Protein chains: 2
Amino acid sequence: MPISLDAIDRKILQALQDDGRLTNVELADRVGLSPSPCLRRVKRLEQEGVIRGYRAVIDRNAVSLGLTIFTEIKVDRHTRARADALQAALMAIPQVVSCHMVSGAPDFIAEVVVPDLAAYEALLSNVLLELPMVEDIRSNFSMRAVKTDSALPLPQE
Amino acid sequence: MPISLDAIDRKILQALQDDGRLTNVELADRVGLSPSPCLRRVKRLEQEGVIRGYRAVIDRNAVSLGLTIFTEIKVDRHTRARADALQAALMAIPQVVSCHMVSGAPDFIAEVVVPDLAAYEALLSNVLLELPMVEDIRSNFSMRAVKTDSALPLPQE
DNA sequence: TCATTATTGGCATGTTATGCCAATAATAAT
DNA sequence: ATTATTATTGGCATAACATGCCAATAATGA
């Protein structure tokens, strides 16, 4: 059953996407409620899992993680059925900050974050290419982050 | 000049990546400081741009954004030099939640979020394929989100 | 060793979160 | 339409928190 969200709920989500540390007083003001019902709605959204959590967004360059790679992984045809083990392996790699199983030419697309090329080479050789079901890996190096950590396009209806 | 971060700064970043709404008292406790210097450090990290902001992480399915596509865009060779206009155009599309210029076979990889296939078809036809410098577009549909919104692998040294 | 600078912890004050209750608004049944 | 029922709201009181200031401590360099 999809959770029903009214206009105020969507405003709350929008506001908290823009600034996850808004005080409840400020948030209430923005969405046109008094603090008390506003807080109840936020708690409900958290409870229901609509809000999965809160994150500080960190500048990658500032923490010496200047290299982002979109790594496309192709899986051996025979192991495609039991790709669960590969998923778990990918999920456990800290440098893989996001990963999707996709329907295109590659089977997985992973976003990998490392300090530099040497670190990526090490990860590729020692970790990614060691995964047994991997048939082929193609690396797309990010030369420029055009847009990152953007808010979701919440439907307004 | 790279901003120097000591062990406590890294602990702060780690903690705020895990929970961006930690109270300063709780954060101070976790990193082994009293609230006052802890708050000063957080403010400094915000000031210096190491912390770029705070975000609520929202469940895509809960807000009817169940379809994620990694759209690979290839640019006409002659327009590659002045790709700035394309970048700006991509950045302005709300459904594009992240986008990188890459060094591989495609020139851009965009992460697109829409409610369903019909919405993607509309975006593709009416927006993406209308961009004048685009030579080819390949769509990788996410069938399963293996890992999303993961924390950065902060170096511990 | 001493002087200088940066960083810390504690304290006081204003702000915020949070739980409770009565009042209001929305909904459903007759 | 009217009334009963339910859900949601706003206000209030209390406890926790943020924030700025100052003296004390720790780190740094001469």
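Note that the coordinates shown come from a computational prediction; the quantities given were computed from them, not determined experimentally. When reading the values below, keep in mind they use all heavy atoms of this one structure, side chains included, and skip hydrogens, waters and symmetry mates.
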The contact string for nucleotides 12-22 of chain C, one letter per nucleotide 5' to 3', using protein heavy atoms under 4.0 Å with B, S and - for base, sugar-phosphate only and none, comes out as ----SSSBB--
| Do the non-hydrogen side-chain atoms of A:Ile109 and A:Arg138 ever get within less than 4.5 Å of each other? | no
From CG of A:Leu27 across to C1' of D:dG10 the rounded distance in Å is 16 Å
From CG of B:Asp6 across to C1' of D:dA27 the rounded distance in Å is 13 Å
Next on the checklist: Show, in sequence, the C-alpha distance, side-chain angles and deciding distance for B:Val134 and B:Lys74, and conclude whether the side-chain contact (heavy atoms from CB on, under 4.5 Å) test is met.
Outcome noted: CA-CA 6 Å; B:Val134 171; B:Lys74 212 164 162 22; over 6 Å; no
Between CG of B:Asp29 and C1' of C:dT8 the distance, given in whole Å, is 16 Å
Original post:
So does A:Asp149 pair up with B:Arg52, basic N to acidic O under 4.0 Å?
Top reply: yes
| Between A:Asp9 and A:Asp6, is there a donor-acceptor pair closer than 3.5 Å when you use the side chain of the first and the backbone of the second? | yes
What residues 44-54 of chain B contributes to the DNA chain D interface at heavy-atom separation below 4.0 Å is none
Partner of A:Glu46 under side-chain contact (heavy atoms from CB on, under 4.5 Å), picked from A:Arg44, A:Lys43, A:Glu48, is A:Lys43
When rounded to whole Å, the CG to C1' distance for the pair B:Leu33 and C:dG10 reads 14 Å
Q. Would A:Met143 and B:Val102 satisfy side-chain contact (heavy atoms from CB on, under 4.5 Å), going step by step from the backbone distance to the final call?
A. CA-CA 5 Å; A:Met143 295 161 56; B:Val102 297; 5.9 Å; no
(Q) Quick check against the 3.5 Å criterion: does B:Asp107 have a side-chain atom that pairs as donor or acceptor with the backbone of B:Val75? (A) yes
Q. Hey, is the side chain of B:Arg41 poking within less than 4.0 Å of OP1 or OP2 on C:dT8, counting only N and O atoms?
A. yes
A:Thr68 meets the side-chain contact (heavy atoms from CB on, under 4.5 Å) criterion, sequence neighbours left out, with A:Arg60, A:Phe70, A:Glu111, A:Val113, A:Ser142, B:His100
